[in-house]
S.K.: 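Can you read through this structure? Questions will come right after.
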Number of protein chains: 4
Amino acid sequence: MKEKEQKILDTSLKLFVEKGFHGTSTAEIAKTAGVATGTLFHYFKTKEELIDRLYIYTKESILEEVQGDYDENNPFKENVKSLWLKFVCLGIKDPYKFNFIMTFHCSPYITSFTKGRIEEKFVELLEIYKKGFEEGEIKEIYDELLMDYFWGNILNTIMHFEQNPEKMNKENVDLSFELFWDGISR
Amino acid sequence: MKEKEQKILDTSLKLFVEKGFHGTSTAEIAKTAGVATGTLFHYFKTKEELIDRLYIYTKESILEEVQGDYDENNPFKENVKSLWLKFVCLGIKDPYKFNFIMTFHCSPYITSFTKGRIEEKFVELLEIYKKGFEEGEIKEIYDELLMDYFWGNILNTIMHFEQNPEKMNKENVDLSFELFWDGISR
Amino acid sequence: MKEKEQKILDTSLKLFVEKGFHGTSTAEIAKTAGVATGTLFHYFKTKEELIDRLYIYTKESILEEVQGDYDENNPFKENVKSLWLKFVCLGIKDPYKFNFIMTFHCSPYITSFTKGRIEEKFVELLEIYKKGFEEGEIKEIYDELLMDYFWGNILNTIMHFEQNPEKMNKENVDLSFELFWDGISR
Amino acid sequence: MKEKEQKILDTSLKLFVEKGFHGTSTAEIAKTAGVATGTLFHYFKTKEELIDRLYIYTKESILEEVQGDYDENNPFKENVKSLWLKFVCLGIKDPYKFNFIMTFHCSPYITSFTKGRIEEKFVELLEIYKKGFEEGEIKEIYDELLMDYFWGNILNTIMHFEQNPEKMNKENVDLSFELFWDGISR
DNA sequence: TATGAATGAGTCTTCATTCAT
DNA sequence: GATGAATGAAGACTCATTCAT
């Protein structure tokens with residue numbers, strides 16, 4: 001990716017999260033990114049294409065950082081915690097990306113084509129964990145609810161520590177995981 | 001409250017949720033509400049005053065519907081479930097109000113004065129439950145995390161059933177509560 | 001019609017003729033008309049609606065001024081000349097309107113609905129002359145060609161005197177009519 | 001002329017006629033012509049130089065095709081008709097060139113230097129016919145009116161058959177010429 | 001020669017807000 | 001109280017033109 005294109009994406013991630021889609025003007029994005037307005041529209045035909053591609057970019061970069069870690073020799077809970085922790089740490093370290101996904105995954109500006117394309121990759125990632133779920137360590141829950149519970153909990157945890165940074169320490173993060181795990185485990 | 005004022009509040013609730021603050025023009029609100037633009041500004045000095053007062057109105061109307069139900073004779077879990085259920089049912093029945101709160105409780109348009117004023121009332125409502133928490137039925141968690149876990153879970157549940165309406169039945173709602181309860185209970 | 005609306009129409013007539021549709025900015029129209037840009041868009045939803053309504057307005061105002069003059073007692077040539085002269089004089093007196101029609105009657109900005117609506121009225125006007133045409137004073141020409149010859153000649157004459165104002169006198173105008181009349185008469 | 005230069009001229013002729021000067025962007029011209037925007041500006045310093053040179057190119061190519069045909073042995077009317085017909089046929093075969101001249105001969109984008117330079121050549125072409133005019137076969141008309149009547153008639157005829165292609169046959173073309181000839185002849 | 005990324009002034013249009021009626 | 005015409009600043013997007021490659 002070209003340097004300016006990258007700069008525009010990074011800048012709009014920040015601004016869209018802070019001020020919303022309509023609350024952020026393309027002029028402001030361009031200025032903050034240090035490019036001309038024309039340059040923004042050179043890379044992104046419209047503001048909507050910008051947010052759409054930003055969505056892909058953001059979700060893919062999250063996925064990349066979380067990739068492949070399942071270790072069959074470890075207990076299932078360990079594996080789940082490791083994944084949960086990765087998401088949470090990532091979210092705390094880089095809250096803009098998570099906030100962006102949270103805010104815009106329901107937004108009409110993201111085309112359903114884009115949403116679908118990305119959703120697939122997530123399902124793929126979680127496929128490995130499926131066996132553990134089926135082996136009876138956790139309650140009998142249908143897929144969608146499990147998914148939403150998992151995600152909701154992660155986002156909730158991230159937001160909690162974002163707003164209460166003084167509370168963030170290993171103990172409290174572990175506690176948060178226990179709230180989650182005791183909820184789903186039998 | 002005057003009829004037109006009420007109509008403007010109801011209309012903006014819907015529109016702000018669907019299209020965001022900047023995505024909704026005062027002209028559209030007025031037109032949809034069936035009043036003149038001038039009338040909107042007669043009741044609300046600015047667009048920001050409108051959303052600020054809408055926030056109060058919405059949260060108060062939620063609080064009202066959830067009020068006073070604690071029964072000391074029932075087991076603590078019952079009381080908590082009853083409150084949890086009230087919120088969830090309300091959220092499913094009237095998703096706009098919940099979505100609005102969810103979306104705008106972090107928004108800079110809502111003055112911190114307003115946020116504070118409302119927060120107090122919530123704390124008040126939950127005061128009654130404090131005793132139960134302290135009696136050791138649940139894990140030892142600091143207040144803020146408990147609060148966020150409680151709220152996060154409710155919102156998560158509402159959103160889940162909003163997006164999977166075919167899954168909504170007593171069994172699954174109970175299941176959702178169990179996920180929550182087993183998480184916090186010892 | 002409101003005063004400002006009228007002012008906008010008059011101004012855009014002049015500017016569209018002088019600088020073309022794309023060559024004239026809405027800002028310039030508004031400024032020249034002495035109104036705010038917002039006011040222009042209050043009366044005309046888009047620039048295209050403006051030119052479309054301007055087309056109607058212009059053609060109707062021409063038609064009005066040329067209306068009803070046929071006198072059965074006069075020779076046919078007299079009647080035709082009287083009409084021809086009215087158009088020519090009008091075009092010389094108020095060249096913007098004629099130039100506008102000339103320039104934009106083929107333009108894609110004028111909707112075909114508008115074009116059709118106006119065309120009808122012209123046909124109506126000329127209906128009275130039909131009898132004369134049929135009585136053999138003029139050559140046997142099919143309607144469309146007759147129409148185009150008539151119009152083409154009028155526009156041509158107007159443009160000629162517009163560009164050679166020093167040549168404009170009764171004698172030369174009469175001469176121009178003879179060029180036309182001797183062309184179609186038997 | 002270089003191939004790309006030629007391609008740019010041909011493309012802009014078409015686009016300027018269809019969408020006007022301001023309605024056609026240099027980017028569109030370049031893209032349609034199959035060259036880069038930079039290439040367009042390599043051959044034509046500015047957009048205005050492009051249209052100016054296009055005007056010359058177009059008028060010269062018309063003149064070339066109409067050149068030298070006067071035959072002293074034929075009757076004057078024959079000679080005039082032959083010229084008239086050449087223009088009309090050319091205009092029907094290649095309406096873009098005629099439309100372009102028609103639309104832009106009054107345009108401020110064409111420098112008066114260019115206009116003058118071309119006008120001379122036309123006058124030259126018509127010089128040969130002057131004798132016939134003076135010999136009394138036609139009415140006594142001053143030069144400018146004769147010129148405008150001649151041109152106006154040709155353009156009018158071309159536009160008529162362009163818009164009524166089903167009417168175009170030898171008979172009707174001859175009829176059109178008669179309208180013209182009977183107008184100017186004594 | 002030829003390219004196309006980069007520019008920023010300029011375009012059409014929207015919007016919160018005011019005010020005379 | 002209620003209206004909606006009027007405003008002009010601001011927004012998304014376009015465009016002629018330049019310049020490094």
Side-chain angles (χ1 to χ4, degrees), chain A residues 2-5 7-8 21-31 33-50, chain B residues 2-5 8 21-31 33-51, chain C residues 2-5 7-8 21-31 33-50, chain D residues 2-5 8 21-31 33-51:
Chain A
K2 291 280 168 57
E3 186 211 332
K4 305 219 168 193
E5 194 178 357
K7 205 82 198 0
I8 292 165
F21 181 70
H22 290 292
T24 308
S25 73
T26 51
E28 189 182 1
I29 295 171
K31 201 175 170 189
V35 303
T37 55
T39 305
L40 189 156
F41 287 96
H42 177 72
Y43 286 108
F44 307 91
K45 255 194 293 278
T46 64
K47 199 183 179 188
E48 304 213 347
E49 189 188 313
L50 169 58
Chain B
K2 290 283 167 56
E3 187 210 333
K4 303 217 171 192
E5 194 179 354
I8 291 166
F21 180 70
H22 290 292
T24 308
S25 71
T26 51
E28 189 182 2
I29 295 170
K31 201 176 170 191
V35 304
T37 56
T39 305
L40 189 157
F41 285 92
H42 176 70
Y43 286 109
F44 306 90
K45 247 191 309 261
T46 65
K47 198 183 179 188
E48 305 213 345
E49 188 188 315
L50 169 58
I51 201 173
Chain C
K2 292 280 168 57
E3 186 211 332
K4 305 218 169 195
E5 194 179 355
K7 204 83 200 0
I8 292 165
F21 181 71
H22 290 293
T24 309
S25 73
T26 50
E28 190 182 1
I29 296 171
K31 201 176 170 190
V35 303
T37 55
T39 306
L40 189 156
F41 286 94
H42 177 71
Y43 286 108
F44 307 90
K45 255 194 295 276
T46 64
K47 198 183 178 187
E48 304 213 346
E49 189 187 314
L50 169 58
Chain D
K2 291 284 167 55
E3 187 210 334
K4 302 215 170 194
E5 194 178 355
I8 291 166
F21 180 71
H22 290 292
T24 309
S25 70
T26 50
E28 189 181 2
I29 295 171
K31 201 175 170 191
V35 304
T37 54
T39 306
L40 189 156
F41 285 91
H42 176 72
Y43 286 108
F44 307 90
K45 247 192 308 263
T46 65
K47 198 185 179 187
E48 305 213 346
E49 188 188 314
L50 169 59
I51 200 173

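Treat the numbers as computed from the prediction; the structure is a model and nothing was measured. Convention: sequence-line order gives letters A, B, ...; per-chain numbering from 1. We use all heavy atoms of the structure for the numbers below, so side chains are in, but hydrogens, waters and symmetry mates are not.
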S.K.: Tell me the partner of dA20(E), counting only Watson-Crick (N1-N3 plus N6-O4 or O6-N4) or G-U wobble (N1-O2 and O6-N3) with both under 3.5 Å; none if nothing fits.
M.R.: dT3(F)
S.K.: Could you check how far NZ of Lys31(B) sits from P of dA2(F), rounded to whole Å?
M.R.: 20 Å
S.K.: Return whichever of Phe21(D) or Phe41(A) has its heavy-atom-nearest nucleotide of DNA chain F closer to the 5' end.
M.R.: Phe41(A)
S.K.: Going from OG1 on Thr24(A) to NE2 on His22(B), what distance comes out if it is rounded to the nearest 0.5 angstrom?
M.R.: 8.0 Å
S.K.: Working to the nearest 0.5 angstrom, can you tell me the gap between Leu50(D) CG and Glu5(D) CD?
M.R.: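 The CD atom of Glu5(D) is 10.0 Å from CG of Leu50(D), to the nearest 0.5 Å.
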S.K.: With a 3.5 angstrom cut-off on both distances, give the Watson-Crick or G-U wobble partner of dT13(E), or none if there isn't one.
M.R.: dA10(F)
S.K.: What's the verdict on side chain to side chain contact (heavy atoms under 4.5 Å, CB included) for Glu48(C) and Phe21(C), showing C-alpha distance, side-chain angles and the deciding distance?
M.R.: CA-CA 9 Å; Glu48(C) 304 213 346; Phe21(C) 181 71; 4.2 Å; yes
S.K.: Between dA10(F) atom P and Ile29(A) atom CD1, what is the distance in whole Å?
M.R.: 17 Å
S.K.: Closest-nucleotide mapping onto DNA chain F: is Gly38(C) or Gly38(D) further toward the 5' terminus? I mean the 5' end.
M.R.: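 By nearest-heavy-atom nucleotide position, the 5'-most residue is Gly38(C).
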S.K.: Can you find an N or O donor on one side and an acceptor on the other, under 3.5 Å apart, linking the side chain of Thr37(A) with the base of dA9(E)?
M.R.: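 Yes.
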S.K.: Calculate the interatomic distance between Glu49(A) atom CD and dC13(F) atom P; express it in whole Å.
M.R.: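 It works out to 10 Å between those atoms.
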S.K.: Whole angstroms only, please: what is the OH-P distance between Tyr43(A) and dA12(F)?
M.R.: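 The answer, rounded to whole Å, is 20 Å.
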S.K.: Give the rounded distance in Å between these two atoms: CD of Glu28(A) and P of dG11(F).
M.R.: 8 Å
S.K.: Select from His42(D) and Ala27(B) the residue whose nearest nucleotide in DNA chain E is closer to the 5' end of that strand.
M.R.: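 In this pair, the answer is His42(D).
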S.K.: Using a 4.0 Å heavy-atom cut-off, does Ser25(B) contact any base of the nucleic acid, only the sugar-phosphate backbone, or nothing at all?
M.R.: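 Sugar-phosphate only.
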S.K.: Take His22(B) and Lys2(A), find for each the nucleotide of DNA chain E with the closest heavy atom, and name the residue whose nucleotide sits nearer the 5' end.
M.R.: Lys2(A)
S.K.: Report yes if at least one side-chain N or O of Lys7(A) is closer than 4.0 Å to OP1 or OP2 of dA6(E); otherwise report no.
M.R.: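 No, outside the criterion.
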S.K.: Any side-chain N or O of Thr26(B) under 4.0 Å from OP1/OP2 of dC15(E)?
M.R.: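 Negative; the distance criterion is not met.
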S.K.: Kindly determine whether Thr37(D) and Thr26(D) satisfy side chain to side chain contact (heavy atoms under 4.5 Å, CB included), including the steps that lead there.
M.R.: CA-CA 7 Å; Thr37(D) 54; Thr26(D) 50; 5.7 Å; no
S.K.: Please state how far atom CD in Glu3(D) lies from atom P in dT1(E), giving the value in whole angstrom units.
M.R.: 13 Å
S.K.: Distance check needed: dG11(F) C1' versus Glu48(A) CD, whole Å only.
M.R.: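 Roughly 14 Å, once rounded to whole Å.
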S.K.: Rounded to whole angstroms, how far apart are CD on Glu5(C) and C1' on dA6(F)?
M.R.: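 Nearest whole value for this atom pair: 14 Å.
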S.K.: Just to be sure I understand the rule, does Phe44(A) reach a base, reach only the sugar-phosphate, or reach nothing, if contact means heavy atoms closer than 4.0 Å?
M.R.: nothing
S.K.: Please round to the nearest 0.5 Å and tell me the distance separating atom OH of Tyr43(C) and atom NZ of Lys4(C).
M.R.: 8.0 Å
